[in-house]
**Student:** 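Shown below is the structure under consideration.
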Amino acid sequence: MAVIQANRMCEDYSQLESGPLSSFISGDHPQGTFAGVYDGHAGSEASKFVSHNLFFNLKAFSTTEEDFLSLVKKQWMNNPQIASVGTCCLAGVLHDGVLFVANAGDSRAVLGRVERGSKRASAVQLSNEHNVNIASVREELYALHPDDSQVVIMKHKCWRVRGLIQVSRSIGDVYLKRAEFQREPLLPKFRLAETFEKPILNSEPEVTVHKLQPEDHFVIFASDGLWEQLSNQEAVDIVHNFPRNGIAKRLLKAALHEAAKKREMRYADLKKIDPGVRRHFHDDITLIIVFIDSHLVSKSPLPPYSIKGGVFPR
């Protein structure tokens, strides 16, 4: 697991849980591993909230969404900006030889596969992004909102939902889901010229199921900050060709080297740039690499293990 801060305040959280999964899988003492990457935007409240709640609500993203909505309602008058805070959610569960991936937003899960007799790893993308700069995602929104000609518009050289946000699915962002928050004291930049009757964004994840094979060696779960700098194959090559110890930090460093190269500057100089200003060079980046030892996948019990990641105030 690794994280680098670019915004004035890091807006990402992540977690890895291993051991009993009985909170959301029926059966006798089911075992497995859960990985979650939460790429926040407009603040960290939503990603932090998800890191404390989604694992226990995994059968229903909507439960975490509704619980966060309740928090927004409680804090609305004293902390109105919380209505504009949201987070992308990427979650993976490895259980009984099967990998389930649930994604809402533009984070990405990529599998590293090494075919028998080959020394090279190939990249297999396991999730789809919900970003309106992808034509099919724009078409999906147009179809869901046929009477809203402004549901997606070009602004600052990229497509944005109502000119404000690039993702079409998230947890939070209640100002684009509940019209009741489209008023003061919400900041003017988040208030729309025209109201809406049904939610513009939604929290429903897209779920994929992958039966693990002996050739499947690892999965990279990462926020879009990593994929803005490295291709799927470049990331997989790095993980495959270097020792496991310290590999998350090495992958993160490779992304930062690429960000520096794009701006024709040295990596050492990029590292000196303070958070906030640094956001002009790259995004917050959060990543988790889960290695799969095929001969252990179906063995139980797994040792209980829990860790959360993020940049916390000093």
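Counting from 1, the numbers follow the sequence of the chain as shown.
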**Student:** Hey, are Gln166 and Asn133 close enough side-chain-wise for a donor-acceptor pair under 3.5 Å?
**Tutor:** yes
**Student:** Please determine, by modelled atom types, if Glu17 and Ser306 share a side-chain donor-acceptor pair under 3.5 angstrom.
**Tutor:** yes
**Student:** Please give me the minimum heavy-atom distance between Asp284 and Met9, naming the atom from each residue.
**Tutor:** OD2-O, 4.2 Å
**Student:** List the atom of Asp283, the atom of Ala6, and the distance in Å for their closest heavy-atom pair.
**Tutor:** C-CB, 3.5 Å
**Student:** Tell me the closest heavy-atom pair linking Arg278 and His282, and the distance in Å.
**Tutor:** NE-NE2, 2.8 Å
**Student:** Run through Leu201, Leu141, Ile200 and flag the one making a side-chain contact (heavy atoms from CB on, under 4.5 Å) with Arg162.
**Tutor:** Ile200
**Student:** Go through the steps to decide whether Arg169 and Glu140 satisfy the test salt bridge (charged side-chain N to carboxylate O under 4.0 Å, His left out), and finish with yes or no.
**Tutor:** CA-CA 11 Å; Arg169 303 191 195 194; Glu140 180 182 61; 3.1 Å; yes
**Student:** How close do Ile171 and Glu65 get, heavy atom to heavy atom, and via which atoms?
**Tutor:** CA-OE1, 3.2 Å
**Student:** What residue among Leu251, Asp39, Asp224, Leu256 forms side-chain contact (heavy atoms from CB on, under 4.5 Å) with Ile285?
**Tutor:** Leu256
**Student:** Step by step, would you call Tyr175 with Phe190 a ring pair (Phe, Tyr, Trp, His ring centres under 6.0 Å)?
**Tutor:** CA-CA 7 Å; Tyr175 74 113; Phe190 294 115; 5.2 Å; yes
**Student:** Lys73 versus Glu180: any side-chain heavy-atom pair under 4.5 Å?
**Tutor:** yes
**Student:** So, applying ring pair (Phe, Tyr, Trp, His ring centres under 6.0 Å) with Phe55, which one of Phe34, Tyr38, Tyr13 is it?
**Tutor:** Phe34
**Student:** Say whether Asn79 and Gln81, considering side chains only, have a donor N or O and an acceptor N or O under 3.5 Å apart.
**Tutor:** yes
**Student:** Would you say Thr64 and Asn57 are linked by a side-chain donor-acceptor pair, where the criterion is simply a distance under 3.5 Å?
**Tutor:** yes
**Student:** Would you call Leu287 and Phe221 a side-chain contact if the rule is heavy atoms closer than 4.5 Å?
**Tutor:** no
